[in-house]
Protein chains: 2
Amino acid sequence: MHSFTEENYLKAIYKLTEQVGSEVSTNAIAEKMSTKAASVTDMLKKLSDKKLINYQKYQGVTLTSKGEKVALSVIRKHRLWEMFLLEKLDFKWDEVHDVAEQLEHINSDKLIEQIDKFLNYPKFDPHGDPIPDANGKIQAQKSKSIAHYIKNDVLVMTGVVDHTTAFLQYLDKTGIALGDEIKIKEVVFFDRSLQITINKKTTVFISNDVAKNILAIKK
Amino acid sequence: MHSFTEENYLKAIYKLTEQVGSEVSTNAIAEKMSTKAASVTDMLKKLSDKKLINYQKYQGVTLTSKGEKVALSVIRKHRLWEMFLLEKLDFKWDEVHDVAEQLEHINSDKLIEQIDKFLNYPKFDPHGDPIPDANGKIQAQKSKSIAHYIKNDVLVMTGVVDHTTAFLQYLDKTGIALGDEIKIKEVVFFDRSLQITINKKTTVFISNDVAKNILAIKK
DNA sequence: AAATAAATTTAGGCTAGTCTAAAAATAATT
DNA sequence: AATTATTTTTAGACTAGCCTAAATTTATTT
């Protein structure tokens, strides 16, 4: 297997690649990993020897498909553990990250598949980020705030941007929950507030400020 | 915090101390840790510098109260995770150990307290071994097989020795489960079979062979 | 009590991952 | 195009944990 450190480098490279869309620089990795460029270079050589990254001196790096598979597996575990901590163990939003950073390196296929089952196979974590499946396949579309969608779009609520209890309570009261179907009935021109239908039943109005904090994907 | 390796050494020393009842030898630790005596000596120096063990060259080691606290915390986590895997994630007996060995090193007070709560604060793991509480306090008595007890003893069922599905199914059918009150009504002299009352309700007969595989403590 | 055997420690070396300081390569500026 | 600035890599060193081989201490026999 791969060491914790190797896994963390691969995850960092994956996420940086997502952001920049091309080769990732040594300095960018160093910053993300809170380490020094020289240390990164050492690790890049090792990962390259193991065929986990494509690396040529001074040219930046990309993941090989083998490396990407490892990264996606770590991300899958991270997101499922976050879900588990939040939903089953009453963790608060600001408490989950550090623990999930540790749990994501636990090596046991059975463990993570059972956690997945226990959570009833969620497709998105509550940040709206997609959870890769056991084969590393990832839902093509990423969640966007519902402020980005247009009239008549039919969506699935996948997460929130603002995780304060105040906001979560507002959602609760309004009757919007993870997994709900949301249809955009109307976009009010002058303030971009929305009229939406939840699960084909109730119809509510929400401000643009609220809309910006609700994540969804097209159904 | 302490490294995984340090935690594993402390746990090994704790368990060996339980077995031998006095100072633990370098060789015994080496064998338990599947490593070489020279490596153990190195680690003993480090643990001694950190005041986690009492160590004098050639004289064997004992844990300091600080070291014992760490060991008990690791054991607590190990036993709670085993419980969790077995009860909540449908793991089999032979599957839990390796994963619990990893999970026992996850560092988060909140995590382990929530797991404890989620399991409804078990006092014994299903081996019948006591689970230390959050302060490292451990139930004084260890579980013994009910074959050790005598007429009129009132017990709490804490675990099993034989974890085969065949035996577990037998217990299930007979109506004996973890946490049940078991009263020894009669010990048959010639074959040491038992008549027991479960939860003050049903009374059943079990052979000595079965009794030897059921763990309990005095109520 | 001396000699031998067993256990333990020291000495020196290895790998993974990190660091600082200096050298080399690439990018930006004049 | 030449110079300067930035980025990246190399060189050499450090710690944690591990190893083998040799030295030392303790235990056991004779």
Side-chain angles (χ1 to χ4, degrees), chain A residues 1-13 16-17 19-63 67 70-71 74 101-102 104-105 107, chain B residues 1-14 16-17 19-63 67 70-71 74 101-102 104-107:
Chain A
M1 265 305 108
H2 308 99
S3 70
F4 285 19
T5 312
E6 284 173 351
E7 289 188 353
N8 283 333
Y9 270 94
L10 293 171
K11 186 176 66 159
I13 295 167
L16 289 167
T17 307
Q19 278 172 36
V20 303
S22 60
E23 283 78 13
V24 175
S25 74
T26 301
N27 264 357
I29 298 169
E31 190 176 354
K32 186 134 214 163
M33 298 289 295
S34 304
T35 184
K36 296 300 160 72
S39 309
V40 173
T41 301
D42 284 350
M43 181 55 81
L44 294 185
K45 280 183 199 155
K46 197 205 296 186
L47 294 175
S48 183
D49 288 348
K50 295 193 178 180
K51 311 260 187 255
L52 294 162
I53 60 172
N54 303 114
Y55 171 57
Q56 313 219 95
K57 279 199 215 173
Y58 299 103
Q59 303 311 134
V61 293
T62 56
L63 294 175
V70 175
V74 175
E101 286 289 304
Q102 297 180 62
E104 73 189 7
H105 301 293
N107 187 295
Chain B
M1 264 307 106
H2 308 99
S3 70
F4 285 20
T5 312
E6 286 174 349
E7 289 189 351
N8 283 333
Y9 270 93
L10 293 171
K11 188 177 65 160
I13 295 167
Y14 181 91
L16 290 167
T17 307
Q19 278 172 38
V20 301
S22 61
E23 283 78 13
V24 175
S25 74
T26 301
N27 264 357
I29 299 169
E31 190 177 354
K32 186 133 214 165
M33 297 290 296
S34 304
T35 183
K36 295 301 159 75
S39 310
V40 174
T41 301
D42 284 350
M43 180 56 82
L44 294 184
K45 280 183 198 155
K46 199 205 298 188
L47 295 175
S48 183
D49 288 348
K50 294 193 178 180
K51 311 259 186 256
L52 293 163
I53 60 173
N54 303 115
Y55 172 57
Q56 310 218 97
K57 279 199 215 173
Y58 299 102
Q59 303 312 134
V61 292
T62 56
L63 294 176
V70 176
V74 175
E101 285 290 303
Q102 298 180 60
E104 73 189 6
H105 301 293
I106 300 291
N107 188 295

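On a predicted model such as this, the values are computed, not experimentally measured, just so you know.
In this model, the phosphate group of C:dT18 is approached by a side-chain N or O of A:Tyr9 to a distance below 4.0 Å at OP1 or OP2. Between A:Asn27 and D:dT6 there is no side-chain N or O to OP1 or OP2 distance below 4.0 Å.
Both B:Gln56 and A:Met33 lie close to DNA chain C; mapped to their nearest nucleotides by heavy-atom distance, the more 5′-ward contact belongs to B:Gln56. Between A:Ser34 and B:Val40, it is B:Val40 whose nearest contact on DNA chain C lies nearer the 5' terminus.
Note on A:Thr26: only backbone sugar-phosphate atoms sit closer than 4.0 angstrom, heavy atoms only; bases stay farther off.
Enclosure of atom NZ in B:Lys50 by more than 12 non-hydrogen atoms of other residues, nucleotides or ligands within 6.0 angstrom is indicated.
Taking the six-membered ring where the residue is Trp, A:Phe4 and B:Phe4 present perpendicular rings, their angle passing 60° and hence far from 30°.
The CG atom of A:Leu47 sits 13 Å away from the P atom of D:dT9 (whole-angstrom rounding). Between A:Leu44 atom CG and D:dT10 atom P the separation is 11 Å, expressed in whole Å. Taking atom CD of residue B:Gln59 and atom P of nucleotide D:dT24, one finds them 18 Å apart after rounding to whole Å. Here the C1' atom of nucleotide C:dT8 and the CD atom of B:Glu31 are 16 Å apart, to the nearest Å. Atom OH of B:Tyr58 and atom C1' of C:dA6 are 12 Å apart (whole Å). Taking atom CD of A:Glu23 as the reference point, atom P of D:dT7 lies 17 Å away to the nearest angstrom.
Applying the side chain to side chain contact (heavy atoms under 4.5 Å, CB included) test between B:Leu10 and each of B:Thr5, B:Ile53, B:Val74 identifies B:Ile53 as the sole match.
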When you check every protein heavy atom under 4.0 Å of nucleotides 10-16 of chain C, what one-letter string (B, S, -) results, 5' to 3'?
B-----S
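Between the side chain of B:Gln102 and the backbone N or O of A:Asn107, at least one donor-acceptor pair lies under 3.5 Å. A:Gln59 places no side-chain N or O within donor-acceptor distance of the main-chain N or O of A:Gln56, the cut-off being under 3.5 Å.
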Table please: side-chain donor-acceptor pairs of residues 25-42 of chain B below 3.5 Å, with sequence neighbours left out.
{"from": "B:Ser25", "atom 1": "OG", "to": "B:Ala28", "atom 2": "N", "distance (Å)": "3.1"}
{"from": "B:Thr41", "atom 1": "OG1", "to": "B:Ala37", "atom 2": "O", "distance (Å)": "3.2"}

Using the rule given for salt bridge (Lys or Arg N to Asp or Glu O under 4.0 Å), can you reason through A:Glu101 versus A:Lys11, listing the C-alpha separation, both sets of side-chain angles and the distance that settles it, and then say yes or no?
CA-CA 11 Å; A:Glu101 286 289 304; A:Lys11 186 176 66 159; 2.9 Å; yes
